[in-house]
Amino acid sequence: MVQTMNNTMGFPILSMLIFLPAVGAAIILLLNRANEKAIKMVSLLVGIATFLLSLLLFTNFDKSTHLMQFVEQHEWIPSLNITYYLGLDGISVLFVLLSTLVTILCVLISWESIKTKTKEFFISLLVMEGAMIGVFCSLDFMLFYIFWEAMLIPMYLLIGVWGGPNRVYAAVKFFLYTLVGSVLMLVGIIVLYFYAGRTFNILELMTKAYPFKMQLVLFWAFFAAFAVKVPMFPVHTWLPDAHTEAPTAGSVILAAVLIKMGAYGFLRFSMPLLPDASRAMTPIMLTLSVIAIIYGGIICLAQTDLKRLIAYSSVSHMGFVTLGIFALNTQGLEGGILQMLNHGIVTGALFLSVGIIYDRTHTRVIADYGGVASVMPIYASLFIVFTLASIGLPATNGFIGEFLILLGGFTANQWAGVLAASGIIIGAGYMLWLYQRVFFMETNPKVAGLQDVNMRELITLLPLVILIFWIGIYPNTFLSFMHPSVLHLLERVNGGGAPAVAANVMTQILK
Amino acid sequence: MPIAMPNLIPVMPELVMTGVAIILLMAELVIKRKETLGFLSLISVGLISYLLLGSAGTTFGGMFVSDGYSTFFKLIFMANLVLTVLISPKYLQTMRINFGEYYALTLFATLGMMLMASAADIIVLYLGLELMALSTYVLAGFIRYDMKSNEAAIKYLLLGAFASAILLYGTSLIYGLTGTTNLRDIAVYITHNGLAKNPLLMVSMIFFAVAFSFKIAAVPFHMWAPDAYEGAPTPITAFMSVGPKAAGFAVLGRVFLVAFGSVKTDWSVILIPIAVLTMAIGNILALSQTNIKRMLAYSSIAHAGYMLLGIIAGTPAGISSVLNYMFIYAFMNIGAFAIVIMLRTEGFAGEDISDYEGLGKTHPTAAALMLVFMFSLTGIPPMAGFMGKFYLFMSAINAGYTWIVIVAVLFSAISAYFYLRIVMLMYMKEPKEVIQLNTSPGIGLALAVTVSAVILIGILPAKVLALAQQAVTSF
Amino acid sequence: MVPLHWYLTLSAAVFMIGMFGFLTRRNIIIMFMSVELMLNAVNISLVSFSHYLQDMRGHILVFFVITVAAAEAAIGLAIIISLFRNKQTAHVDEMNEMKG
Amino acid sequence: MNSYALIPFLPLAAFVINILFGRKYLKENAHWVSILAVAGSWVLAVMALVDVLGGNTINFDLYTWMLSGGFKVSVGFLIDQLTVVMLIVVTTCSTLIHIYSVGYMHGDSGYYRFFAYLSLFTFSMLMLVMANNFLQLYFGWEGVGLCSYFLIGYYFNKKSASDAGKKAFIVNRFGDFGFGLGIFVVFLTFGTVYYEPVFSQAGGLAEATFNFLGYDVHLMTLIALLLFCGSVGKSAQIPLHVWLPDAMEGPTPVSALIHAATMVTAGVFLVARCSPIFSLSETALMVVALTGAITSLFAATIGLVQNDLKRIIAYSTVSQLGYMFLACGVGAYTAGIFHLYTHAFFKALLFLCAGSVMHAMGGELDIQKMGNLKKYMPVTYMTMLIASFSISGIPGLAGFFSKDEILWMAYAGESPVGKFVWAIGTLVAFLTAFYSFRLIFLTFHGKFRGTHDQEHHLHESPKSMTIPLMLLCVGAVAAGWVGIPALIGEKIGVHNYIAEFMKPVLGHPEGHGTHAEEMVVMLISIAVGLAGIGLAYFMYILRPELPARLAQQLSAVYRVLFNKYYVDELYSFIIVRPAIWIAKNVLIGITDARIIEAVVNGVPSAIAAFSSGLRKIQTGLMQHYATIMATGILIIVAIMLLR
Amino acid sequence: MLQQLFFGYYAFMIIILSLLVVTRGNPVHSVMWMLLLFFHIAGLYLFLNAEFIAAIQVIVYAGAILVLFLFVVLLLNLREELSLRQIAGSWPAAFFIVAALFITVTAALGAYVQGPVGSYSIEAIRSETHTKALGRLLYTEYLFPFEIASLILLVAVVGAVVLAKRKLRS
């Protein structure tokens with residue numbers, strides 16, 4: 001029987017997290033569209049309320065167990081044995097927090113930059129938030145899939161309605177790309193369901209053993225969905241378009257949360273459900289990860305568009321994440337999970353920053369900038385923090401993640417570790433070059449006289465700066481959430497043997 | 001010779017329907033406001049639905065069966081009828097074809113469908129089918145002055161008659177082989193006399209498959225559908241895309257699973273390529289359409305393809321997934337057509353896809369509703385369309401047809417492209433001209449019903465699903 | 001005694017001739033008649049089956065087929081008339097306003 | 001918590017205060033915060049010195065930084081003899097240069113920023129030297145690199161400055177790449193990255209091999225060489241030396257502090273710190289020695305012909321760093337550290353003098369446009385002269401002792417390449433003396449060759465600048481006296497204090513030579529130093545037309561040297577340009593656009609094309625419809641009957 | 001033998017007439033040939049002991065439906081179109097398809113096995129008369145379909161009226 005920990009909060013906190021934004025969206029739906037101020041205020045308040053609520057998860061989370069916590073289970077479709085089943089463990093809890101935080105920032109950054117269809121925008125944003133939280137909380141495969149797909153709708157609108165000049169192409173590309181991937185996963189899910197004796201309960205599915213051939217097929221079915229979302233090479237080409245064309249909030253959500261879901265999917269589904277296939281496919285996954293790291297990095301060198309560059313850098317960074325995950329050891333996995341969080345924070349911050357300057361100049365072409373540091377010193381300081389975090393400088397969060405990943409990767413496969421480490425050089429290359437071209441050198445007349453960041457924008461960015469240093473300096477706050485869950489996962493993937501040793505080490509350390 | 005009074009309880013809904021239809025025909029002569037007739041038929045639907053729930057039983061010497069299966073389909077027909085009647089009046093006025101016969105004919109058509117769903121004998125099946133078909137031909141050609149409507153009617157009628165002839169030929173062969181027209185007797189005879197591999201039986205079965213494929217507009221017997229759908233009055237297009245299709249599935253399911261149940265391996269060989277082709281052609285051709293009715297026609301062809309998966313699976317789960325899907329499809333498709341109807345004003349067809357440009361700006365509510373229907377048709381959760389598809393795919397996979405399901409999901413991903421295009425035009429383009437919406441309380445009500453059904457069933461599908469599953473237990 | 005096969009073959013032949021007419025004729029009324037021809041072919045086989053099976057069902061079905069054929073003809077011809085009112089033709093290849 | 005933890009965190013606090021409040025509130029007073037903090041650190045460092053002299057070594061963890069499975073690392077400090085020497089060097093130089101900067105940077109718009117960066121640098125450097133584990137070392141390592149990036153690119157509106165900063169960072173990353181891998185291997189072998197267990201267990205693994213990328217290699221050699229990669233980058237050794245000369249784009253105090261006295265010596269520190277590992281690998285030591293020797297020669301030859309005041313000193317720095325590696329490579333870590341320590345004083349002094357000259361010349365750096373400055377800037381002249389004597393190895397000055405120690409250890413040590421590197425070292429000593437005095441003569445002697453305007457403005461620098469010069473000058477003269485070799489020390493009754501002091505950490509290899517040999521070596525080194533000075537005097541004072549003629553006659557050699565052996569061009573040609581070319585033409589142009597996107601966009605457009613093609617089948621003609629239906633029937637019948 | 005000759009005549013005539021119906025250029029001629037065809041089919045029915053069916057074949061089909069056809073053909077006045085091509089260009093393809101279908105169907109007919117023999121032997125029908133037998137069945141066992149058929153006719157009437165007769169209203 002599957003063990004979980006009951007929700008001790010006294011109220012269904014996860015459901016509230018998922019549906020509070022939806023309620024907010026409903027309220028906005030009832031508001032007069034002319035009353036933009038009220039719409040924005042409602043969004044902000046709902047965002048903040050959700051965030052505060054999610055902080056309770058942070059404080060009440062029991063870090064000593066790998067069991068699912070805050071569990072809620074209700075009958076939903078009894079005839080198919082589909083339940084409304086929510087819960088969090090150390091792998092997912094942080095992403096819920098990330099989602100709630102990012103939403104607030106997105107509301108703030110969109111405060112003035114969204115000028116048309118404001119009502120629809122904020123509804124989409126809030127619906128998006130609910131769906132994102134839902135994805136991370138679901139313990140029923142079907143429920144997960146529903147949230148997973150439901151996200152496509154608001155995201156499609158966010159990109160397509162409020163995006164840049166080529167937004168329609170980008171939105172459709174995003175939608176179809178991810179849809180093709182996820183429908184294949186759906187088939188995989190159903191196959192799994194029948195094989196395991198008609199259950200979508202992830203925890204129950206994990207207790208079963210599946211024949212190796214089936215695991216392989218399912219692995220690739222899941223891969224189709226998750227790899228597109230990550231995005232791994234060679235299915236990454238939707239990302240530059242989507243990131244580039246999306247409005248700032250859209251890019252931020254995409255970068256910070258959405259593409260994490262792919263990696264999360266690997267962690268939550270591919271690996272524990274298909275351990276043998278995951279192990280067998282590790283060489284391929286590591287290869288793809290390394291390719292993504294180097295490929296994404298080098299391609300950044302030739303970018304002329306700010307957002308596009310950051311988008312490609314995401315490909316590279318997510319390569320690190322998948323590398324860490326498929327290193328299949330503690331350091332790699334924890335590094336990978338942390339790096340997902342980090343990438344969310346840093347790339348989110350970078351997109352927010354680009355959004356801030358885009359609102360002023362309405363150009364994304366790097367050559368249109370130059371010398372911005374002279375006119376916007378505060379902005380430049382914030383941006384350098386994000387840049388440095390992105391290239392993994394010690395004391396920023398990027399370092400912790402990348403270091404653990406590379407350590408794990410090197411342990412698992414030396415070539416992968418070595419090649420991936422070269423990504424750090426490339427990363428420094430393109431990011432610093434970007435920074436130089438935008439902020440240094442002679443002040444471009446096009447940017448002369450820009451206003452430095454205002455209070456609202458500063459408030460938007462500050463939490464991320466704080467998080468960058470917090471994770472960089474004291475990562476244990478966040479790493480400690482993961483230890484038992486990661487160990488448990490590794491036990492499942494490696495199937496005894498090695499993890500037993502690891503567990504001993506773990507108990508020693510926890511003492 | 002004493003004639004035993006047949007048990008009329010099972011046919012009570014049909015009898016009431018007939019009565020109401022005839023009353024409407026007569027009332028047409030005295031009532032000036034034709035909407036009243038629509039209202040009357042709505043009331044009768046309430047009554048009929050009530051009667052339906054207590055109508056289980058077999059009567060007329062086993063020719064007519066009222067079981068869960070038929071009842072579920074009849075509920076779909078009722079929904080179809082109600083929604084069609086709700087969205088019609090304004091359109092009829094706009095098109096100056098506000099005749100009372102319209103309502104009577106929709107009732108007759110629905111009656112035909114009900115008979116098809118309940119038919120346990122090929123004779124009743126054939127007559128029900130013809131009753132439905134003839135009424136629909138007339139309705140399709142209802143805009144008499146419109147060339148397109150005439151063309152739709154004549155194409156539908158001639159090809160329909162052609163398909164009927166094929167059906168009859170199949171019937172005659174099966175009758176010759178088994179000496180009966182009762183579906184169950186046929187099944188019994190086939191198994192007891194080892195006819196399963198008889199080539200003539202195969203030919204007969206093929207002819208049945210072809211005729212029913214025609215009704216559900218499955219490729220390559222779908223050719224009439226786009227033209228008929230485009231030319232027919234829009235409410236009738238909505239009506240046709242759900243009702244006759246559902247009825248087609250009802251008889252397809254019953255005939256193939258009851259009469260030809262023992263040769264399932266043979267007919268699945270036929271239906272699998274048909275299903276794959278249907279999904280392929282429907283989705284691919286919908287991509288390049290510029291007329292929204294035509295696009296929805298191709299979309300409805302594609303949806304028939306998905307539903308065929310459930311029949312191919314042939315399991316109770318498969319059949320119930322078809323029922324479930326058909327039920328959901330009724331709401332989402334008619335909802336979409338309701339929006340199409342709203343765009344139609346005097347002198348403005350509003351049928352071109354480009355007419356939807358900027359609708360999100362000029363009419364945000366209508367656009368939002370259309371968005372819901374489009375995503376539902378694509379099969380994106382939390383809309384009901386997803387649940388329908390999901391259950392279909394599930395049952396097909398359970399029956400071992402995983403590869404067909406993979407094809408199906410890929411085509412459904414392709415379908416996203418043309419559904420999304422509507423959303424894209426509505427929200428991501430600027431309006432060209434100001435479009436007036438032709439609203440009425442009826443359409444409003446219909447939209448409210450459809451959209452809440454689409455979302456509610458999407459989120460809480462358990463009830464409908466349970467009903468559909470129950471429906472096939474007595475099958 | 002005439003073997004049943006003869007009847008069946010005759011029926012098939014007429015059916016196919018009707019189908020051939022339907023597939024090839026441009027005149028809508030002749031297409032219509034081709035369908036009637038197909039129905040008659042079915043009737044022939046039904047009646048002969050009935051005869052050889054010593055059963056009445058075939059006859060009954062024929063009765064209904066004829067009824068339906070009449071109804072179909074009535075509606076079909078009505079549609080043709082209204083079509084003709086709008087466009088002075090009975091040629092099917094001029095009725096392709098909708099395609100693609 | 002141990003109060004020594006404050007040593008790094010005082011400057012960090014200064015950084016935080018300056019960066020947060022400097023722009024709006026502190027403005028012209030920003031230096032106070034930084035100077036007080038650094039001075040505080042200096043005081044604590046001296047206390048630590050006293051503590052260590054008393055025989056204590058201090059090792060404590062502050063908090064657990066990272067914990068993941070078996071991997072645990074803390075922020076922790078180790079204060080031993082080696083650390084304490086570095087502490088003194090760093091805090092002293094840093095304090096003096098902070099003070100110097102008050103005058104030098106006066107009136108600059110980014111005043112607060114400058115001091116903030118200096119403080120951050122001090123913090124990072126202190127974290128680096130005080131680390132008790134490899135990862136924190138790496139933390140400081142990257143931290144100083146970052147500050148170097150900031151400070152080189154301090155005048156960010158200048159493209160060359162921002163280019164140089166970026167270059168420094170990226171070139172260093174190449175080295176850190178190896179360094180990082182080294183840490184991984186350390187962790188994989190030892191299961192920890194703390195110095196203490198690693199070094200204590202290293203001996204047991206002296207003969208172990210490690211499968212690296214499929215090759216079995218000697219473990220200690222592997223670790224040592226990977227770590228040495230980091231050193232090569234940070235200490236600007238061949239082939240990663242290219243960034244240091246460009247780093248002179250930064251303000252001169254920065255060049256003095258970071259690119260002469262402290263940061264660039266971190267590589268040497270790393271080798272010394274890891275001496276337990278390096279000592280176990282002859283190969284690694286040989287590589288270190290040869291790299292050092294070759295670099296020192298290479299840089300010295302370039303230094304001969306450069307005209308940029310700061311660049312000459314920069315090449316001299318590269319060369320001297322090579323010297324230090326040379327020392328480490330022959331096992332004489334103490335000598336290396338000793339040279340590091342003396343070099344810090346005289347090289348910082350040289351730079352600050354250069355800064356003073358620049359200050360006077362209005363930013364002019366071309367020594368061909370100077371001359372006769374001694375008349376206007378006596379203090380600068382004197383201090384710079386002494387520094388130059390010191391670097392040239394004139395007996396009694398700081399540089400003499402450390403250099404001599406190195407040359408002797410190379411000559412007499414056990415290293416198989418000892419004699420060879422000694423020969424190079426001696427040659428470099430000659431070159432060093434030559435170019436140092438070429439600089440002095442061209443700058444301070446002869447006739448002034450600048451513009452009239454410049455001449456008019458010539459002046460001695462303010463007190464805040466000259467006082468540090470004088471203080472450093474004291475160091476440049478006397479710093480070496482703690483390491484007087486036994487040969488001389490015995491006669492005047494002093495010990496080689498530093499060697500004894502460092503012995504517990506670095507050991508002290510015994511030379512295998514006689515006193516007589518040692519004497520000869522010493523005399524040779526003094527002789528070549530004097531010869532270098534003499535040649536410079538001959539060429540630039542007695543026969544000033546000679547250099548130009550020489551340059552003409554040896555134009556090929558001159559061009560190669562003047563263009564720094566074309567290394568920058570080579571890198572641009574084999575790394576930078578190909579990378580961008582590949583990005584543009586292969587990755588974007590082919591894989592992304594022609595392959596992946598071709599599929600991604602091609603499939604939908606193929607479907608769309610197929611769709612429009614297929615539409616033609618739907619002709620609108622009923623016969624065709626019926627024909628297709630009939631064909632369908634036929635096909636199905638065929639399938640069924642032929643099955 | 002006589003029977004077979006009889007059948008031979010009818011079969012030959014039916015096929016010839018069918019071919020004439022579908023190939024004649026003038027619709028009026030087609031209708032006329034069809035009339036003749038229907039009489040032959042009725043003859044065949046008589047031959048099969050289906051007197052009532054034969055009667056309605058003549059009365060309803062020939063008498064009502066065909067006359068309706070004729071009426072419409074004449075109403076539409078299609079004479080001037082007679083010069084146009086009557087057969088669609090793709091007739092060889094159609095011929096091939098139809099021929100192939102014919103071959104397969106007749107081939108499959110070879111597999112025909114006699115169904116169960118019912119109670120309406122020729123003698124039974126003769127003794128009851130065909131009309132009476134059929135009528136009894138229609139009003140008892142097949143009452144339900146019979147009623148549906150009546151609705152079909154009703155729909156046909158209503159439909160024809162709506163489509164052809166009623167005036168438009170706004």
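Chain naming here is simple, since letters A, B, ... match the order of the sequence lines and numbering starts at 1 in each.
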Heavy-atom cut-off 4.5 Å, strictly under: side chain, backbone, both or neither for S124(D) against chain A? neither

Once the angle between the rings of F156(D) and F440(A) is folded into 0 to 90°, is it parallel (under 30°), tilted (30 to 60°) or perpendicular (over 60°)? parallel

Go through the atoms of Y149(D) and report whether side chain, backbone, both or neither lie under 4.5 Å from a heavy atom of chain A. side chain

Which atoms of L213(D) are under 4.5 Å from chain A, going by heavy atoms: the side chain, the backbone, both sets, or neither? both

Decide if the gap between the ring center of Y474(A) and the ring center of Y63(D) is smaller than 6.0 angstrom. yes

Could you pull out the closest heavy-atom pair between R23(D) and P377(A), with the gap in Å? NH1-CG, 3.7 Å

Test side-chain hydrogen bond (donor to acceptor under 3.5 Å, both in side chains) on Q331(A) and S68(D); report intermediate values, then the result. CA-CA 6 Å; Q331(A) 288 84 33; S68(D) 173; 4.6 Å; no

Which answer fits F174(D), side chain, backbone, both or neither, if we ask what part of it has an atom under 4.5 Å from a heavy atom of chain A? both

Holding to salt bridge (Lys or Arg N to Asp or Glu O under 4.0 Å), I want the full list of residues that pass it with D61(D), two or more places apart in sequence or in another chain. none

Does atom NZ of K584(D) have more than 12 heavy-atom neighbours, drawn from other residues, nucleotides or ligands, at distances under 6.0 Å? no

Can you check whether E442(A)'s main-chain N or O pairs, donor with acceptor, with N157(D)'s side chain at less than 3.5 Å? no

For D592(D), what residues pass the salt bridge (Lys or Arg N to Asp or Glu O under 4.0 Å) criterion, not counting sequence neighbours? none

Test item: E142(D) side-chain N/O and L393(A) main-chain N/O as donor-acceptor pair under 3.5 Å: no

Segment of I183(D) engaging chain A (4.5 angstrom heavy-atom cut-off): side chain

Could you tell me whether a side-chain N or O of R173(D) sits under 3.5 Å from a main-chain N or O of A428(A), the two making a donor and an acceptor? no

Proximity breakdown for L135(D) and chain A, heavy-atom pairs closer than 4.5 Å: side chain

Which atoms of N601(D) come close to chain A, meaning under 4.5 Å heavy atom to heavy atom: side chain ones, backbone ones, both, or neither? side chain

Ring-ring centroid check F139(D) F399(A), cutoff 6.0 Å: no

Chain A contact via F212(D) - which portion, at a heavy-atom distance below 4.5 Å: both

Pick one of side chain, backbone, both or neither for I588(D), based on which atoms fall under 4.5 Å of a heavy atom in chain A. both

Backbone of G214(D) reached by a side-chain donor or acceptor of W415(A) within 3.5 Å: no

